[in-house]
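Remarks on the structure that follows.
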Amino acid sequence: MTQNDLPAIFCDYNPIEDKMLQVIDNEGNIINKELMPELDDETIIDAYKLMLYERIADEKAVSYQRQGRMYTYTPNLGQEAIHIAAGMNIRKVDWLVPSFREMGTLLAKGVTMKDMFLFYNGNEHGGSFKNANHVLPIAISIGTQFQHATGIGYSVKYRKKDEVVFTFIGDGGTSEGDFSEALNFAGVWKVPVVFTIQNNQYAISVPVKAQTNSVNLAVKSVAFGIPGIKVDGNDFFAMYLAYKTASEYARSGRGAVLVEALTYRLGAHTTSDDPTKYRKKEEEELWGLTDPLIRLKRYIESMGIWNIDEEKLTEEYKQQIDEQFIDAENNKSYPLNDVFQYMYTDMPEELRRQKAEYEQFLSWKEKRK
Amino acid sequence: MTQNDLPAIFCDYNPIEDKMLQVIDNEGNIINKELMPELDDETIIDAYKLMLYERIADEKAVSYQRQGRMYTYTPNLGQEAIHIAAGMNIRKVDWLVPSFREMGTLLAKGVTMKDMFLFYNGNEHGGSFKNANHVLPIAISIGTQFQHATGIGYSVKYRKKDEVVFTFIGDGGTSEGDFSEALNFAGVWKVPVVFTIQNNQYAISVPVKAQTNSVNLAVKSVAFGIPGIKVDGNDFFAMYLAYKTASEYARSGRGAVLVEALTYRLGAHTTSDDPTKYRKKEEEELWGLTDPLIRLKRYIESMGIWNIDEEKLTEEYKQQIDEQFIDAENNKSYPLNDVFQYMYTDMPEELRRQKAEYEQFLSWKEKRK
Amino acid sequence: MVKAINNALDIKLNEDKNIVIYGEDVGVEGGVFRVTEGLQKKYGVERVFDSPLAESAIVGTALGMAVSGLRPIVELQFEGFTFPAFNQILSNVARMQNRSRGKYGVPMVIRFPYGGGVNALEHHSDSPEALFAHIPGLKVVIPSTPHDAKGMMIAAIESNDPVIFMEPKRIYRAIKQEVSDEKFTLPLGKARVVQEGSDVTVVAFGAMIRECQKAIVMAEENGISVELIDLRSIYPIDRETIRDSVRKTGRMIVVAEAHESFSVGSELIAIANEEAFLYLEAPPKRVMGYDTVVPLAQGEKYYIISPDRIFYEIEKSVHF
Amino acid sequence: MVKAINNALDIKLNEDKNIVIYGEDVGVEGGVFRVTEGLQKKYGVERVFDSPLAESAIVGTALGMAVSGLRPIVELQFEGFTFPAFNQILSNVARMQNRSRGKYGVPMVIRFPYGGGVNALEHHSDSPEALFAHIPGLKVVIPSTPHDAKGMMIAAIESNDPVIFMEPKRIYRAIKQEVSDEKFTLPLGKARVVQEGSDVTVVAFGAMIRECQKAIVMAEENGISVELIDLRSIYPIDRETIRDSVRKTGRMIVVAEAHESFSVGSELIAIANEEAFLYLEAPPKRVMGYDTVVPLAQGEKYYIISPDRIFYEIEKSVHF
Ligand SMILES: Cc1ncc(C[n+]2csc(CCOP(=O)(O)OP(=O)(O)O)c2C)c(N)n1
Ligand SMILES: Cc1ncc(C[n+]2csc(CCOP(=O)(O)OP(=O)(O)O)c2C)c(N)n1
Ligand SMILES: [Mg+2]
Ligand SMILES: [Mg+2]
C-alpha cells in the first residue's frame, strides 16, 4: 500500500508513464518474480485447462457458423488469459456485465455453452443466461454496459453487500461518450467496479491508433480520478494479479479501477469479417508469438509440472462442446408467445390485440391450405 | 518549446501535478514576471474597459430581466477576464462556438448587445448573431458544441485555412459524453481548436467536487492525448498568455488544446436561480476577493498608468447599453412566417399547409369579432 | 402539481428503502422546479442526490440499479435534455426485460418536465411523447391534474416496468386542487373521461386539458356537446375508451402540443379508424403543433394551441 | 443497391471537393456492407476516412463541417447505433438552420442500413424511420431499388438541408437492376406509383415494396386490382400522391416493418382521413411490426411481414 491507499502495482505501473504490468515473457520465463501470484500448481494447470476449453469452444463456434448452423458469432481467439484470469477472481456473488467478447468469464460465472450457442442460433432464451447468477445479457450497444456496471456498483454499495462488479469493453468502445460518463460517475460514487478495456488493437477494421491519441487506454482513468493500470493481457499471471488486486481494492470500499488488458484479436471481428482487408499477415504472426496459451504452457512446462494429455483433453472438450451445441441446435422451439411475453411484466391490451390479429391470420392461412 | 514541440507553459504547468498558471495575485502584484505578456499600457487599459463594459452590460441585463422586460438570462459576473482575454486573441477569421456564458467574447466577435437582448427577449433573430462572422448560435444542449468545434476544426484543416476555433463549456459540461468524444476526435484529427472549460465551481447547484473525482479539469486532456493547462481564470494576464500560446499552437498545425479557466460564478446561474439555496455567503465573499476586474485595476493602478474616469465611463456604457436594449425591445415584430421560414431551405408542402391552416383560423377569428 | 408529485415521492421513499432519487440538481436544490424539495433532507444523500451532468449515465446507471434490486427514480431536467439518454432508454431500459427473458425487470421511473407556454429558451418547450411512445417496452404517461399526478406517480413507482413520466411544466403550479394526503394509485394505461358529451370527442392530455375545457365552454355556449377524454397514458393507449367515445359521437379532435406529423394525433386517428370506422361522421382532426421547432417566446403565440383554436376546430367538425 | 449508392457517392466525391465521407470502418474496410468500398483509395484519407467509435461525435463533428463549408456524408453502422447520435441530430442538425435564421445551412447526409429479415443480432433489425420523421428540420428518405437509391442519394447530397438516408439492408444485394452510370437525381419528397390499380392502395417503402409486389400477384390472381405506392420520402410526406390514390381506390393498406404504434402507418391513416375521408370505403389498415423488440432469427418469422399476410389484409379490406 502506498500513501494514497493505492495498491503498489498501481503506483509502480503508472499509466501516465506508459508502463505495463508483466510477469512472464513470451517464452514463459518469469520476468518479475516478486509479482508472481501465489498459485499452487493445480490452480495454474486448471487455468490452462480453462483457457484451452475456451479456445476449443471458440474454434468450434466458428466452425458451426461456417457450416451454416449458427448465425453471426464473435470469436475470442487470443484473449483467453484475460477471460480466465477474470473468471478465477470473480465470485458467485460478484456481478458480470459483459460486452460480447469474454466467453471464458461468462463460463466461469456459470453460463453454459448451450445457452451461448442458443443465443448465437437466434434465440433470446440463450442470451438471458438464466442459469448464471448476477450476469447481465450481452451488451451490443457499445459503451452502455459500463454505465450499467456503475449503477450496479451503486446498488451494491447502497445495500452494503460484499459484491464486486466486473465489466468489459473493447478499445474502440473507449471512444463512446458512455464510457467516459460511466467512469466519471464511478469516480464520484466510488463504486466497487473493476472496469476492463480489452485492447485487442482493433475495432473491426480500425486500429487503436486511429481511435485515440492518448498514450495508452489505461491513462484515461486519470480523467475520472480512478486508478488505472495497463497489463499484458496475454500474460495470465499479470492478469491474475491485476484482477486480484483490483477486486480487493474494490471490495475494500475504495472505489473503482480501470484495467487495460493489452491483447490481440487473433481471429476475425465476427464471422462476417475478413481481417485480411485491413491488417497484414506479419502483424498477426508477430502477435501470435504472444499467444497466452503458449506462454502459459511454456511456463508450466518449464516448471516441470505439466501433466496434461492435451490431445486427449482436446478431444474430451470437443465432445462436450458438441453435445452442448447439439442440445442447443435441437432446441428450435420458439412459440409466438415468446415475441410478446417479455416486453412487459403484464402484457398490455395493445400487445394482446396484435398477437390475436396474427393468430387470426395464421388460422386464415391454415384454412386456405 | 520543449522536446515534444509543446510550448513551455504546458510543461511547466502540467495539470497532472495540479499546477495553475498565474501571473498576478489578488492584489494585482506580478508573481510571475517572466510570464507577463508583452502588452502596451493602452492595450491593458482597453482590456479593463472591455471587462468593465461586459460587467455593466451583464448587470443591466439582469436588471432588465428583473423588471420583467426580458426572459431568462445567464449572468457572466466574475468570469470577464476569460471572455476578454479570449476576445483579444480571437481574430475575425477565427471561429467562436459559444456555450451560454461568454458574453465578452461574443462582443469581441462583433455580436451586438442589441442582438443578445433580442435573443433573451425571445426572438431567434437575436440569437442568429447575423452581424458576427464565424460565430455559431448559443448552444443550449450542453456538450454538443464541443463536437461542432472539432468538426469546424477539421473543416479548417481540410480547406487549409489559417483559422482557429474557440469553444467553451462549463465545469458541469465536462461530465457529458459529448465533451469526451469531442476531445477524443480532436486528439486524433489534430484540429486547430482551443477548448475552454470555464470552471466556475458550480453547475447550477452542483459543486465541481460532485461533478468529477479528477484532480482538476485540465487533466482530462490526458485521456485524449492533447495538451491541457489549468489557468487562474480571474487573472487577465494568465488568461491572455494561455490563449495567446494556445492559439499559436493551434495555428501552427500541432492540434487542439484544453484550457481550464478556474473562476467563480459570482452571480446566479440564471435569473431564475437562487444561489443562497446551495452556497454560503462566506464562500462568495472569499471568491469575491479574486474578482478579475479588481485585480486588473489594482495592477494598472500600481503601474501608475490608470487614466480612466470610471464613473463617467460607467455612465457612458450604461447609456450605450440602454440604447441597444431599447432598440431590441422595440423590435417586437415576429411575423407568422418566421415560424416556418427557416426550417428548410425550401419550405415543404407540409409546412405550407400547416401555415395556411393557421391563417384560415386567423381569418375566422377576425370575422368573429 | 409540484406538491402532489413531491408528496407521491415522499410517500414511496418512506415506504420502500429500495427507492433512490437522483438527477441534476435534485438533491440540495430540490430540482429546478422544486419537485424533489426537502427530500434529501428527509431521506439522506444516499437516497436523494445530485448526479454529475450526464443524462445518458443518469439513465444508464439507473438501469444498473434497477436490475440489481433498487427502484430508481431519475429526473432529467427538461424534455430537451432527455435525448443524450435516448440510446440508454431505447436500447436498454426498454429492452432489458425482454432481452433477459424476464430474468431482469427494470422497475424505474424517468421523470421530466415537458411542454411549452412558459416563455423559455430553446429545448425547454418541446413535447416529445411520440418519440418515447414508439419505443416498445416503455410505459409513457402524462398527468393533467395534481390528483392524477400523485396517483399516477405512485403507480409508476410501483410498476415493475420502466415508466416515462412526463410532467406538463406549464401547469406545474397553475392548477389548484385539494389532493388527499393518503396513498392512492391510479391504474396506468387508463384514460379518463373528463366530461361526457354527445356531439364530438376531444382527446387531449397534460396542459391541453385545461385549454380544452375553456374551448368546451365556448362550444357549449354554441350548443355543442363535447366529450373530453384525458388520455393520461400515451403507451399503452386506452383503445377502449377512445372507441366507445368515438362510436358515440362520430367525431374526434385530438389536441396536443407536439408536432403533428407522426404523433399521438396520428395514432389516435388510426385507432378511431380501426375501431370506429363505420361510426365516423367527420374526419378525425389533429389540432397540434406544426412540424417546426417551437418558437421562442415572441413567436410562441402562433404555435401554442389556444381555446378558440380548439373551439374553431370543434365547430368545423360538427358542421362537416 | 450497394453498388448504386457507391456509384452515387463516387460521382459526387468526384464532382465536389467539399464532400467528405466518414464513419466507423468506412475507410480501409469500405464499410461493413462495402457501400464505400474503393472510395478511400480513390479520394484519399482526408476525404474518406475511419472515425473513432462514437456516433454522437460523428454526427456532431459533421454538423461543424457542414456549417463551415463542407458537405459531409456520414455513415452510422446500423440503425440501432444511430441513437447515441440522436441528441445531436434532434437538437442541432435538425435545428441549426432555424436557430441561426438561415445563417448556417446544414448540408449533410446521415446514412445507415436499417430493417430486418437478415437473421441478425439485436439492434440490427429495427426500422426507426418514425422517430426521425417526427423531428422537424430533417428530410427522411428510403429507397427501394438500386435506381432510386442512386438518384435519391445524389439528390440528398445536393440538398442544402440535412437528410436521413435509410438503406434497407435486406435488399442491399437482393435486387438486380441495371442502373445508368450517368449522374441523375430524383426529387426528394415525391412518392412513386409503382403500379396503378383501382381496388385498393398499398403504401410501402424500402424492403417491403418487393414483398408487396409478391402479394399483389396473389391479389391479381384473385381479381383484385392494387395500386402500389412507394413512399420514398418519409418526411416530407407526399400527401398529394396518397390523396389521389386513396380517393381513387377508397381503400388503403400501409405495409411497413416498424412497430405499428405512432408510426408512418399511423401518419398515413391520418392523412387518408384528412385528405380522402369521404372516399373511404373501408378502414385504412396498418400491416406492420408489433410493438415489440424485433425477435432474434428464430422468432423473426412471426415479426416479418410476408406476402401472404399482405394479401390477407388486401382481401379483408376489399371485402370489408
Ligand atoms: C454503439 C455502437 N456502435 C457501433 C456498433 C457496431 N460495432 C460492433 S463491434 C464494433 C467494434 C468494437 O470494437 P472494440 O470496442 O475494440 O471491441 P472488439 O470488437 O475489438 O472486441 C462496432 C463498431 C455497436 N455495436 N454499438
Ligand atoms: C444536455 C443538457 N443537460 C442539462 C441542461 C440544463 N442545464 C443548463 S445549464 C446547466 C448547468 C451547467 O453547468 P456548467 O457546465 O458548469 O456551466 P455554467 O452554467 O456553470 O456556466 C444545466 C444542468 C442543458 N442545458 N443541457
Ligand atoms: Mg478491439
Ligand atoms: Mg459551472
Side-chain angles (χ1 to χ4, degrees), chain B residues 95 97 123-130 132 134-141 143-159 161 163 165 167 176-178 180-189 191 193 338-351 353, chain D residues 17-18 20 22 46-47 49-70 72 84-85 87-88 90-108 136-139 159-162 188-189 233 235-240 274:
Chain B
W95 289 81
V97 184
N123 190 315
E124 290 86 347
H125 279 294
S128 73
F129 302 155
K130 58 178 173 304
H134 286 184
V135 179
L136 257 57
I138 281 175
I140 291 179
S141 185
T144 61
Q145 75 275 18
F146 260 40
Q147 304 191 341
H148 308 158
T150 299
I152 296 175
Y154 189 91
S155 161
V156 163
K157 196 174 166 182
Y158 178 83
R159 292 177 296 124
K161 298 279 184 189
E163 301 167 5
V165 187
T167 188
E176 288 284 3
D178 277 7
S180 292
E181 292 186 6
L183 292 180
N184 191 51
F185 273 55
V188 174
W189 290 350
V191 288
V193 182
D338 272 16
V339 177
F340 296 92
Q341 170 86 34
Y342 304 100
M343 291 303 303
Y344 295 89
T345 47
D346 54 328
M347 200 187 294
E349 201 43 55
E350 283 295 279
L351 291 191
R353 184 184 53 75
Chain D
K17 271 254 172 227
N18 289 322
V20 295
Y22 63 106
E46 296 202 337
R47 296 192 63 197
F49 53 99
D50 294 325
S51 74
L53 208 177
E55 291 77 12
S56 183
I58 291 172
V59 171
T61 55
L63 175 74
M65 295 183 198
V67 298
S68 58
L70 300 188
N87 187 44
Q88 281 289 10
L90 185 152
S91 298
N92 295 306
V93 172
R95 289 164 173 247
M96 185 54 85
Q97 172 151 300
N98 181 66
R99 184 182 300 153
S100 70
R101 285 304 186 233
K103 183 177 171 189
Y104 293 111
V106 184
M108 66 187 266
L138 301 176
K139 292 180 178 173
S159 164
N160 287 321
D161 297 310
L188 303 183
S233 175
Y235 198 91
I237 202 161
D238 185 352
R239 257 175 197 261
E240 221 179 319
E274 288 166 359

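Residue numbering restarts at 1 for every chain, and letters A, B, ... go by the order of the sequence lines.
Between the CG atom of B/Asp346 and the CG atom of D/Asp161 there is a distance of 6.0 Å, given to the nearest 0.5 Å. Separation of atoms CG (D/Leu63) and OG1 (B/Thr150) is listed at 12.0 Å; rounding is to 0.5 Å. Expressed to the nearest 0.5 Å, how far OG1 of B/Thr345 lies from NZ of D/Lys139 amounts to 5.5 Å.
Side-chain N or O atoms of B/Tyr344 include none that pairs as donor or acceptor with a backbone N or O of D/Pro162 at under 3.5 Å. Proximity of a side-chain donor or acceptor of B/Ser128 to a complementary backbone N or O of D/Arg101 within less than 3.5 Å is not detected.
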Test side chain to side chain contact (heavy atoms under 4.5 Å, CB included) applied to D/Asn98 and B/Gln341, step by step: CA-CA 8 Å; D/Asn98 181 66; B/Gln341 170 86 34; over 6 Å; no
Audit row: B/His148, D/Asn92, side chain to side chain contact (heavy atoms under 4.5 Å, CB included) steps and yes/no: CA-CA 9 Å; B/His148 308 158; D/Asn92 295 306; 3.4 Å; yes
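The existence of a salt bridge linking B/Glu350 and D/Arg239 is confirmed by a sub-4.0 Å separation between a basic side-chain nitrogen and an acidic carboxylate oxygen.
For B/Glu349, no part lies near chain D; criterion is any non-hydrogen pair under 4.5 Å. Heavy atoms closer than 4.5 Å to chain B are found nowhere in D/Asp238, neither backbone nor side chain. Within the 4.5 angstrom heavy-atom criterion, no atom of B/Ile140 approaches chain D. D/Gln88 touches chain B through its side chain: at least one heavy atom from C-beta onward sits under 4.5 Å away, while N, CA, C and O do not. At a 4.5 Å heavy-atom cutoff, D/Val106 makes no contact with chain B through either its backbone or its side chain. Looking at D/Asn160, both its backbone and its side chain come within 4.5 Å of chain B, counting heavy atoms on both sides.
The shortest heavy-atom contact between B/Arg159 and D/Leu70 is CD-CD2, 3.8 Å. Taking each heavy atom of B/Ala132 and D/Lys103 in turn, the nearest pair found is O-NZ, 2.5 Å. Closest approach of B/Asn184 to D/Pro52, counting heavy atoms only: ND2-CB, 4.0 Å.
In this pair, D/Phe49 and B/Trp189 present their aromatic rings perpendicular. The plane angle is above 60°, beyond the 30 to 60° band. In this structure, B/Tyr154 and D/Tyr22 have parallel ring planes: the angle between them is below the 30° cut-off, well short of the 60° mark.
D/Arg47 and B/Tyr158 share a side-chain donor-acceptor pair at under 3.5 Å. A side-chain donor from one of B/Ser141 and D/Asn87 sits under 3.5 Å from a side-chain acceptor of the other.
The shortest distance between side-chain heavy atoms of B/Gln147 and D/Ser56 falls below 4.5 Å.
The residue among D/Pro84, D/Ser51, D/Ser100, D/Gly137 with the most heavy atom pairs within less than 4.5 Å of chain B is D/Gly137.
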